[in-house]
Number of protein chains: 2
Amino acid sequence: MGREIFDLQADILKALGHPTRVRIVEGLRGGKRCVCEIMAELQLEQSNVSQHLAVLKRAGVLGSRKDGMKVMYWVNHPEVFDLLDTLQEMVVRRVREQVRLLGHVK
Amino acid sequence: MGREIFDLQADILKALGHPTRVRIVEGLRGGKRCVCEIMAELQLEQSNVSQHLAVLKRAGVLGSRKDGMKVMYWVNHPEVFDLLDTLQEMVVRRVREQVRLLGHVK
DNA sequence: CAAGTTTATTAGGATATTCTAATATGCATT
DNA sequence: AATGCATATTAGAATATCCTAATAAACTTG
């Protein structure tokens with residue numbers, strides 16, 4: 001099975017390609033956090049959060065480690081944040097463009 | 001329906017999260033190309049390529065326009081290339097790390 | 001206008017994701 | 001040992017994605 005570069009790239013993109021998982025990564029900008037905090041922020045079912053964390057970990061985006069009674073998660077590659085920043089610029093630019101076009105119609 | 005920023009980010013990530021679609025975008029670094037060229041490069045079914053192009057266009061990643069008998073496609077936001085570059089660095093770094101760990105075992 | 005090119009669309013089955021609810025696991029504390 | 005927390009795993013239904021094969025649509029050209 002010839003695993004090519006774009007397969008690996010696609011794996012990561014796919015792992016990130018869900019609103020909840022984007023939010024999880026976004027919430028980890030400040031560093032490690034325990035599942036309980038992540039859950040509290042997302043306001044979603046515990047098992048659901050756990051599953052999304054597992055997806056991100058399986059793709060290598062997150063790392064984790066037990067710390068006492070809690071489990072801490074963190075983002076493995078800081079580049080992921082750049083990636084989200086770039087993406088944000090893109091959508092902001094796009095929305096701005098749409099607003100501009102609407103203005104012309106008015 | 002409250003469409004938030006991370007929904008839009010996730011839409012783009014999801015659209016890019018397939019090996020074939022990564023390859024398509026990668027092939028458009030040089031600028032516009034017609035479907036026939038893209039197809040020839042990918043060596044995949046015509047309808048399959050057409051569907052992947054549609055996914056990328058629906059997500060706003062690609063634009064397209066008829067040009068005579070051909071249809072040309074291009075990448076709308078140049079940031080997408082930066083995104084793929086960042087991703088490539090990530091996977092390369094990861095692979096290097098794995099190789100390093102293997103070396104220790106040997 | 002008939003025929004050929006290029007691309008898009010549809011249909012359908014196989015597989016994968018996603019969510020909720022229930023249950024299990026691993027530690028800590030009592 | 002029993003109980004309580006924090007997290008993971010499993011099961012299962014609903015939905016989405018992906019591919020192939022067939023067909024349609026839009027042009028161009030003879």
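Numbered from 1 within each chain, the chains take letters A, B, ... in sequence-line order. Fair warning: this is a prediction, and the values are worked out from it, not measured in the lab.
- Nucleotide C:dT9 holds its P atom 9 Å from the NZ atom of B:Lys57, rounded to whole Å.
- Partner A:Val61 forms a side-chain contact (heavy atoms from CB on, under 4.5 Å) with one of A:Asn76, A:Leu16, A:Leu53, A:Leu28 and no other, that one being A:Leu16.
- Taking atom CZ on A:Arg65 and atom P on D:dT7, their separation rounds to 16 Å, with Å as the unit.
- Checking the phosphate oxygens (OP1, OP2) of D:dA6, no side-chain nitrogen or oxygen of A:Tyr73 falls inside 4.0 Å.
- Open room surrounds CD1 on A:Ile5; 12 or fewer heavy atoms of other groups in view lie less than 6.0 Å from it.
- Here the P atom of nucleotide D:dA6 and the CD atom of A:Glu37 are 12 Å apart, to the nearest Å.
- For A:Arg29, the side-chain contact (heavy atoms from CB on, under 4.5 Å) partners are A:Glu26, A:Phe81, A:Leu84, A:Asp85, not counting sequence neighbours.
- Whole-Å rounding puts the B:Leu56 CG to D:dT17 P distance at 13 Å.
- Ion pairing between A:Glu41 and A:Arg33 holds under the 4.0 Å rule for side-chain N and carboxylate O.
- Under 4.0 angstrom from either OP1 or OP2 of D:dT17 there lies no side-chain N or O belonging to B:His52.
- Between the side chain of B:Arg21 and the backbone N or O of B:Leu56 there is no donor-acceptor pair closer than 3.5 Å.
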Next item on the list: Assign a letter to each nucleotide of nucleotides 20-30 of chain C from its 5' end: B, base within under 4.0 Å of a protein heavy atom; S, sugar-phosphate only; -, no contact.
Entry: BBB---S-S--
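- Residues B:Val49 and A:Val55 each lie close to DNA chain C; by heavy-atom proximity, the contact nearer the 5' end of the strand is made by B:Val49.
- One axis for each end of the helix from C:dC1-D:dG30 to C:dT30-D:dA1, each built from five base pairs, and the angle between them comes to 10° at 10° resolution.
- Applying the ring pair (Phe, Tyr, Trp, His ring centres under 6.0 Å) rule to B:His18 yields the partners B:His52; only residues at least two apart in sequence or on another chain are considered.
- Of all nucleotides listed (D:dT7, D:dC18, C:dT7), D:dT7 comes nearest to the side chain of A:Cys36.
- Grouping the Ile, Leu, Val, Met, Phe, Trp and Tyr side chains by contacts below 4.5 angstrom, directly or via other members, places A:Met72 apart from A:Val75.
- For the pair A:Asp7 CG and D:dC18 P, the computed distance is 13 Å after rounding to whole Å.
- At whole-Å resolution of the value, CD1 in B:Ile38 and P in C:dT6 are 14 Å apart.
- Contact annotation for B:Lys14: backbone-only contact, meaning every heavy-atom pair under 4.0 Å involves sugar-phosphate atoms and none involves a base.
- If you measure from atom NZ of B:Lys70 to atom C1' of D:dT29, you get 15 Å, rounded to the nearest angstrom.
- Side-chain nitrogen and oxygen atoms of A:His18 include at least one within less than 4.0 Å of the OP1 or OP2 phosphate oxygen of C:dC19.
- In this structure, the CG atom of B:Leu53 is 11 Å from the C1' atom of C:dA8, given to the nearest Å.
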Only pairs under 3.5 Å count here: list side-chain donor-acceptor contacts from residues 94-103 of chain A, not counting sequence neighbours, and write none if there are none.
{"from": "A:Arg94", "atom 1": "NH1", "to": "B:Ala59", "atom 2": "O", "distance (Å)": "3.0"}
{"from": "A:Arg94", "atom 1": "NH2", "to": "B:Ala59", "atom 2": "O", "distance (Å)": "3.3"}
{"from": "A:Arg94", "atom 1": "NH2", "to": "B:His77", "atom 2": "NE2", "distance (Å)": "3.4"}
{"from": "A:Glu97", "atom 1": "OE2", "to": "A:Arg100", "atom 2": "NH2", "distance (Å)": "3.0"}

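- For residues 39-82 of chain B, there are no disulfide (SG to SG under 2.5 Å) pairs, not counting sequence neighbours.
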